Amino acid sequence: MTNQEIAKILHEMAELLEMKEVEFKPRAYEKAALGVEGLDREVRDVYKERGFSGLMEIPGVGRGIAEHIEGLLKNGKFAEYEKLKKEIPVNITELSAVEGVGPKMIKILYKNLKIKNLNDLEKAAKAGKISGLARFGKKSEEKILKGIEFLKKSGGRRILGEILPVAEKILERLRTLPGVEGAEFGGSMRRMKETIGDLDFVAFSAKPSAVVERFVKFPEVQSVHEKGGHKALVRLNNNTDADIWVTLPRSKGAALIAWTGDKQHNIAIRTLAEKKGWMLNDYGLWKGKKLLASKTEEEVYKKLGLAWIPPEIRNNTGELEAAQKGKLPKLVEYGDLRGDLQVQTDWTDGENSILEMAHAAKKAGLEYIAITDHTKSLAMTGGADEKKLLRQIEEIKKINKKISGIKILSGAEVNIMKDGSLDIKDEVLSKLDVVGAAVHSHFNLSREEQTKRVINAMNNPNIDIIFHLTGRVIGRREAIQIDVDEIIKTAKRKGTILEIDAYPERLDIKDEYIRKCVEAGVKMVIDSDAHSVNHFKYLELGIAQARRGWAKKSDIVNTKPLAEFLKSLK
DNA sequence: GCCGTTTTCGGCCCGACTGTTTTCAGTCG
């Protein structure tokens, strides 16, 4: 049983208990489900190695839920879940994905109309059966149909890189509206998460309702789900939803904290306020009716005894404790990068020439790039063999003489073969300035084989960097099975750098692994993996990823000037 | 059912909007 399957059962359990109006347990199951989802290993492997106590170390999992997970792993049994599921045998995950449909509604729909899945729901709504139920009307029915339609079209979360440009355009438009005194992203967009479910905007104005009215008429808005004096929820032309909340400028700090989240961070920080006998809501930090702080985030955090916490790390994984102790790291900043160590050109599968890429990189504010075209075993890209690489080294020397303000390094993205050997001879690799190695095939090897394979490659003294270690493509291809802890140990021993590939679909390695590298003292680089002159903008996504992994400037070697950077290579 | 600077029992974040109602439950973030 995979983590996803276990998490799904825990989520469903939360909803089933919600239907039964059981108090507090739903949230406990919800938290446990999140804990399982967030794990960087398979629960079954944790159980195999560490047994029951390993399960109990999963965040949000205590004795009770650990026992249920154990049952699921041992024989697929979870008696209470099955019993509840028998009472209300419906596809909860599917139904609750419909906007506006929650556990209570699912229960009523099943009891009265025997609705079990999306198909049943759509049929019943179209036949006008739902509006006949007590406490349901025509509008509820329409809303359900709209929700189903949206679900069919949108297909879930979008990757950050895809949606960020759209969101920035809307934010700009919002900021320039008359009467608006500032606007920011909220939610997962402000936290720069890998994928975005919907867009959140927070705006500040003395006349909130006027701003809401203008917002819902933006050209990007396709339809309006709901609209009040301070809030609106709309659907955009690109089939994503966007929320806006407009509040008075004096509440800015508290409002941004409330709307940035994430949920667990908010719960933790509000609980912290409560423990001091205060109350934190969307408008401020209060002692009874007395306002203690609200204007800026810094002010609110400070009053609570916390340093300001960067949005990217607001997810209740230790940031509050660190902020309390003044031990938050100073994260690498947007704009800190001086180089890019993975750039493809038209020598293989890139779209532009070496010179064009160099100019584009310079324009993007970089001081050096490494040309890292694919190597020969990646035939589909026209990968370079030894002769072609040597020719490219000479070509780069020539171009370097012609240009100024940027230095081009010669490199390669060497293919790691199934057994961990490399497809380019050492004597040629040793002539390159920067050598990255990457897995591009045999994604399905066992964890042991895959780990051994990559470690073999790392043992080659010419390999400076491992590119996109886990090979995942968000939404399309799973990460390879690999023991990241072992890789990090080896990287530490060998002085190998691990890459944070900023290409929007990759974002590889992910934030938890970055955090492990930071803790282990393993250095990283942030690369665009550019295949065109337009791709250097992706570096921003990589920086966001690094920040979510608590990386400091000193953890990222391509924040260094060229000479210093070169010293950190083998 | 989880969890702990109020620590092994007694708490569990907070508010806006909607729909179908006459005061609020359900949903969402």
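Naming convention: chains lettered A, B, ... in sequence-line order (proteins, then strands); numbering from 1 in each chain. Please read these numbers as outputs of a predicted model, since none were measured by experiment.
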Please measure how far the P atom in dT6(B) lies from the corresponding atom in dG1(B), and state the result in whole Å.
27 Å
In whole Å, measure the gap between the P atoms of dC17(B) and dC13(B) for me.
22 Å
Give one of base, sugar-phosphate or nothing for E274(A), where a contact means two heavy atoms less than 4.0 Å apart.
sugar-phosphate
Taking D336(A) for the side chain and V332(A) for the main chain, is one N or O donor matched with an acceptor at less than 3.5 Å?
no
Round to a whole Å and report the spacing from CZ of R157(A) to P of dG29(B).
10 Å
Which is true for P103(A) with a 4.0 Å heavy-atom rule: it touches a base, it touches only sugar-phosphate, or it touches nothing?
sugar-phosphate
Classify V246(A) by what it touches in the nucleic acid, base, sugar-phosphate, or nothing, heavy-atom distance under 4.0 Å.
nothing
Quick one: side chains of residues 45-52 of chain A, donor-acceptor pairs under 3.5 Å with protein atoms, not counting sequence neighbours, listed by atom name and distance.
| residue | atom | partner | partner atom | Å |
| --- | --- | --- | --- | --- |
| Y47(A) | OH | E70(A) | OE2 | 2.6 |
| E49(A) | OE1 | R41(A) | NH1 | 3.3 |
| E49(A) | OE2 | R41(A) | NH2 | 3.3 |
| R50(A) | NH1 | E57(A) | OE1 | 3.4 |
| R50(A) | NH2 | E57(A) | OE1 | 3.3 |
| R50(A) | NH2 | E57(A) | OE2 | 3.0 |

Please classify the nucleic acid contact of H68(A) as base, sugar-phosphate, or nothing, using heavy-atom distances under 4.0 Å.
sugar-phosphate
Who pairs with dG15(B) - Watson-Crick or G-U, where each distance is under 3.5 Å
dC28(B)
Please determine whether a side-chain nitrogen or oxygen atom of K104(A) lies at a distance below 4.0 Å from atom OP1 or OP2 of dG26(B).
yes
Among H11(A), E15(A), M13(A), find the one that has a side-chain contact (heavy atoms from CB on, under 4.5 Å) with Y29(A).
M13(A)
Using a 3.5 Å cut-off and no angle test, enumerate the donor-acceptor pairs between side-chain atoms of residues 302-311 of chain A and protein atoms at least two apart in sequence or in another chain.
| residue | atom | partner | partner atom | Å |
| --- | --- | --- | --- | --- |
| W308(A) | NE1 | E297(A) | OE1 | 2.8 |

Please report the distance, rounded to the nearest Å, between NZ in K275(A) and P in dG4(B).
8 Å
Stacking between F24(A) and dC2(B), defined as ring centres under 5.5 angstrom apart with planes under 30°, is that present or not?
no
Spacing of the C1' atoms in dG19(B) and dT23(B) (rounded, Å)
13 Å
Quote, to the nearest angstrom, the C1' distance that separates dC14(B) from dT8(B).
28 Å
Summarise protein proximity over nucleotides 15-24 of chain B in one line of letters, 5' to 3': B for base, S for sugar-phosphate only, - for none, counting protein heavy atoms closer than 4.0 Å.
SSSSBS----
Expected list for residues 46-62 of chain A near DNA chain B, using heavy atoms below 4.0 Å, is G60(A), V61(A), G62(A)
Test salt bridge (charged side-chain N to carboxylate O under 4.0 Å, His left out) applied to E194(A) - qualifying residues, sequence neighbours left out
R472(A)
Is the centre of the W245(A) ring less than 6.0 Å from the centre of the F185(A) ring?
no
Residues in residues 105-122 of chain A with a heavy atom under 4.0 Å of DNA chain B, by number, are M105(A)
